[in-house]
Amino acid sequence: MEFRRTHYTTQITPQMDTQTARLAGWVHEIRDLGGIMFLILRDREGLTQVTLFKKTIDPDVLQIAKSLSRESVITIEGVVKKEPKAPNGYELIPTQIDILNPAQSPLPMDTTGKVDAELDTRLDNRFMDVRRPKTQAVFRIRHHMLSAVRGFLEQEGFIEITTPKVVATATEGGTALFPITYFDTEAFLNQSPQLFKQIMMSGGMDRVFEIGAIFRAEEHDTRRHLNEATSIDVEASFVDHEDVMQVLERLVAHVYLTVSEDAASSLNTLGIELNIPELPFKRLTYDEAIEVNNEHSKELLEWGDDLSTNAEKVIGEVIGAHYFIKDWPTEIKPYYTQPYEDEPVITKAFDLMHPRMELSSGAQRIHDYDLLRKRIQDQGLNPDGFEFYLKAFRYGIPPHSGWGLGAERLLMTMLDVDNIRDVVLFPRDRKRVSP
RNA sequence: GUCCGGAUAGUGUAGGGGACUACCAUGAAGGCCUGUCGAGCCUUCGACCCGGGUUCGAAUCCCGGUCCGGGCGCCA
């Protein structure tokens with residue numbers, strides 16, 4: 001049985017009148033009007049109407065068509081017919097239909113958009129949810145987004161690396177790690193490639209990036225957190241935090257622009273028109289951010305407080321676009337961020353914010369061995385556990401800076417998606433590890 | 001973790017002590033129909049999360065459990 005297609009549905013045009021074609025895909029809908037029957041075939045690219053005239057059709061083909069259940073996988077060979085009454089101006093008159101895999105009934109969810117399904121139902125049946133054009137559009141845009149990130153960073157001289165997800169120690173204090181059994185010892189799932197990408201600065205790679213999974217064992221339960229997420233991480237040598245902030249804002253603008261061009265049809269499916277963010281993004285110091293909050297919010301913050309969810313929201317509403325918050329208090333940022341030489345209570349750290357949430361955080365890093373070791377100790381951590389990392393700082397490491405950007409958050413803010421689970425194929429959260 | 005809300009056919013929902021033999025849509029099965037494009041019309045099928053309690057009577061009220069959603073917290 002030949003199951004190779006000659007065309008995707010979208011590759012057929014009315015001008016191909018009288019030509020034969022073989023399509024392959026899923027039975028999207030069947031409309032039997034009596035003397036005439038319409039079968040809508042769906043593939044990755046779109047839909048095609050297959051029309052069966054019961055008086056003239058081969059009885060064997062009709063027999064097979066009548067037996068089809070929705071969402072079965074079939075191939076249809078037929079003749080293209082120019083037909084103004086049909087969607088897209090053509091229809092396919094079948095000469096042969098083969099059932100490659102019949103679908104059971106009832107279906108676990110609707111694929112045509114007639115009946116909604118809850119997120120939980122859709123995630124339980126993700127294979128079928130992805131058949132819906134809207135869901136598929138999200139993940140095709142995700143592909144274009146990651147592709148744009150790679151294209152941009154490569155053009156900027158960054159080298160893509162991959163670092164281990166199974167690690168012996170925590171990257172930094174605070175965040176809970178998932179312990180795993182590693183042969184006869186204990187290991188953890190990595191919460192960030194931070195330490196490894198910094199080591200590569202000592203390795204002389206100058207500019208590196210990684211797009212990879214990160215794991216957080218936090219018991220958070222919100223629409224913007226996952227226990228397994230994708231981080232876009234960058235680290236660059238001989239540059240400061242201002243330099244990598246510029247890389248970051250240009251990356252975001254580039255992603256918006258590239259996606260709007262390369263994923264135009266998927267954006268159209270979702271009814272979204274992207275506004276390319278304007279550069280440069282506004283920069284607030286931490287002090288200014290606190291002021292903005294205290295002017296507009298009932299919930300007052302003091303210097304040294306981290307920004308609450310409410311503060312992020314309030315400031316986001318005031319600014320109304322992407323913005324940076326920089327010069328954070330040293331004590332609420334990780335040990336590896338570089339304090340200002342003339343004012344060590346603040347650090348060369350920044351967050352990139354979308355009005356809805358934090359997208360990225362970064363900093364110039366400490367490259368002085370003694371200071372780094374001291375900062376690790378100050379945060380109550382044991383430097384001995386970081387020897388593999390600290391070693392790289394003893395034999396020549398340049399000043400360097402970098403950031404980590406949440407891929408899912410970038411996507412969900414770009415597409416105005418409310419729940420982070422909608423932009424991950426198989427999300428991992430407090431309540432879900434399967435499928 | 002915590003506060004609030006919820007769980008009804010495969011899917012999405014209505015109903016909040018008796019008139020429930022549980023509404024509607026979608027779906028499935030069968031029938032009519034030659035231009036549908038969320039086709040239309042007719043017939044049929046399919047459900048009250050689990051356990052306990054209150055009551056003459058519980059889908060509905062109470063208690064416990066499980067699961068789900070939302071807010072907050074936690075969170076480079």
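Heavy atoms only: backbone and side chains are in, while hydrogens, waters and symmetry mates are out.
With B:rG38, B:rG35, B:rG27 as the choices, the nucleotide that has an atom nearest any side-chain atom of A:Glu29 turns out to be B:rG38. Comparing B:rC33, B:rU34, B:rG73 by their closest approach to the side chain of A:Ile36 singles out B:rU34. Each of B:rG12, B:rA76, B:rG73 was ranked by its minimum atom distance to the side chain of A:Ser192; first place goes to B:rA76. In the set B:rG27, B:rG12, B:rG35, B:rG27 carries the atom at the smallest distance from any side-chain atom of A:Pro106. The side chain of A:His220 approaches B:rC74 more closely than any other nucleotide in the set B:rA76, B:rC74, B:rG35. Among the nucleotides B:rC33, B:rC72, B:rA76, the one closest to any side-chain atom of A:Arg224 is B:rC72. Side-chain proximity of A:Lys114 to the nucleotides B:rC75, B:rU26, B:rU36 is greatest for B:rU26. Nearest to the side chain of A:Phe53, among B:rG27, B:rC72, B:rU34, sits B:rU34. The side chain of A:Ala117 lies closest to B:rU11 when the candidates are B:rA76, B:rG35, B:rU11.
Contact check, A:Arg223 against B:rG71: a side-chain N or O comes under 4.0 Å of OP1 or OP2. Taking side-chain N and O atoms only, A:Arg430 has a distance below 4.0 Å to OP1 or OP2 of B:rG1. Between A:Lys431 and B:rG69 there is a side-chain polar atom (N or O) within less than 4.0 angstrom of OP1 or OP2. Under 4.0 angstrom from either OP1 or OP2 of B:rC75 there lies no side-chain N or O belonging to A:Thr222. For B:rG70, one of the phosphate oxygens OP1 or OP2 lies less than 4.0 angstrom from a side-chain nitrogen or oxygen of A:Asn419. A:Thr51 has no side-chain polar atom (N or O) that falls below the 4.0 Å cut-off from OP1 or OP2 of B:rG35.
When heavy atoms are screened at a 4.0 angstrom cut-off, A:Pro87 is found touching base atoms of the nucleic acid. Across all strands, A:Ala349 comes closer than 4.0 Å to no nucleic acid atom at all (heavy-atom distances). Counting non-hydrogen atoms under 4.0 angstrom, A:Asp306 reaches nothing in the nucleic acid. Note on A:Asp110: nothing from the nucleic acid sits closer than 4.0 angstrom, heavy atoms only. Residue-level contact check: A:Lys197 touches neither bases nor backbone, having no heavy atom under 4.0 Å from any strand. At a threshold of 4.0 angstrom between heavy atoms, the contacts of A:Asp221 include nucleobase atoms, whether or not backbone atoms are also involved. At a threshold of 4.0 angstrom between heavy atoms, the contacts of A:Ser360 with the nucleic acid are absent.
Not a single donor-acceptor contact under 3.5 angstrom links the side-chain atoms of A:Ser105 to the base of B:rA28. Residue side chain A:Gln49 reaches the base of B:rU36 through a donor-acceptor N/O pair under 3.5 Å, judged by distance alone. Under 3.5 Å, the side chain of A:Glu91 and the base of B:rG35 form at least one donor-acceptor pair of N or O atoms.
At whole-Å resolution of the value, CG in A:Asn88 and C1' in B:rG35 are 15 Å apart. Here B:rG5 presents its P atom at 18 Å from CD of A:Glu118, a figure rounded to the nearest Å. Taking atom CE of residue A:Met128 and atom P of nucleotide B:rG27, one finds them 15 Å apart after rounding to whole Å. With rounding to whole Å, A:Leu119 atom CG is found 11 Å from B:rC68 atom C1'. For the pair A:Lys55 NZ and B:rC33 P, the computed distance is 12 Å after rounding to whole Å. As rounded to whole Å, 10 Å separates atom P of B:rC72 from atom CD of A:Glu312. Atom pair A:Arg42:CZ and B:rG38:P shows a separation of 16 Å (rounding to whole Å applied). A:Met357 places its CE atom 11 Å from the P atom of B:rG71, with the value rounded to the nearest Å.
With no hydrogens or angles considered, no side-chain donor-acceptor pair links A:Asp240 and A:Ser401 at under 3.5 Å. A:Gln104 and A:Ser69 form no side-chain donor-acceptor contact under 3.5 Å, judged by distance and modelled atom types alone. Remark: the A:Gln198 side chain and the A:Tyr389 side chain contain an N/O donor-acceptor pair separated by less than 3.5 Å. Inspection of the A:Thr135 and A:Asp129 side chains reveals an N or O donor paired with an N or O acceptor under 3.5 Å.
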TODO: Before giving the answer on side-chain hydrogen bond (donor to acceptor under 3.5 Å, both in side chains), spell out for A:Thr230 and A:Glu408 the whole-Å C-alpha distance, their side-chain angles and the decisive distance to 0.1 Å.
DONE: CA-CA 7 Å; A:Thr230 309; A:Glu408 283 81 16; 2.8 Å; yes
- [ ] Could you please spell out the steps behind the side-chain hydrogen bond (donor to acceptor under 3.5 Å, both in side chains) verdict for A:Thr337 and A:Thr347?
- [x] CA-CA 6 Å; A:Thr337 66; A:Thr347 178; 2.8 Å; yes
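Pair assignment for B:rA25 gives B:rU11, based on Watson-Crick or G-U wobble hydrogen-bonding distances that are each under 3.5 Å. In a base pair of the Watson-Crick type (N1 to N3 plus N6-O4 or O6-N4) or a G-U wobble (N1-O2 and O6-N3), with each distance short of 3.5 Å, B:rG1 is matched with B:rC72.
Rounded to the nearest Å, the gap between the C1' atom of B:rG71 and that of B:rA14 is 27 Å. Between B:rA7 and B:rC49, the two P atoms lie 8 Å apart (nearest whole Å). Atom C1' of B:rA59 sits at a distance of 14 Å from the matching atom of B:rG6, rounded to the whole Å. Nucleotides B:rC75 and B:rC67 place their P atoms 25 Å apart, quoted to the nearest Å. Taking the C1' atom of each, B:rU54 and B:rC61 are spaced 8 Å apart, rounded to whole Å. Taking the P atoms as reference points, B:rG5 lies 41 Å from B:rU44, given to the whole Å. Only the C1' atoms considered, B:rU13 is 8 Å distant from B:rA25, to the nearest whole Å. Taking atom C1' on both B:rA22 and B:rA9, the two are 11 Å apart, rounded to the nearest angstrom.
Taking the six-membered ring where the residue is Trp, the centroids of A:His254 and A:Phe152 are separated by under 6.0 Å.
More than 12 heavy atoms of other residues, nucleotides or ligands lie within 6.0 Å of CZ in A:Phe238, so this atom counts as buried by the packing criterion. A 6.0 Å sphere centred on CD of A:Gln19 holds more than 12 heavy atoms belonging to other residues, nucleotides or ligands.
In this structure, B:rG16 shows a glycosidic angle within 90 degrees of zero, which is the syn conformation.
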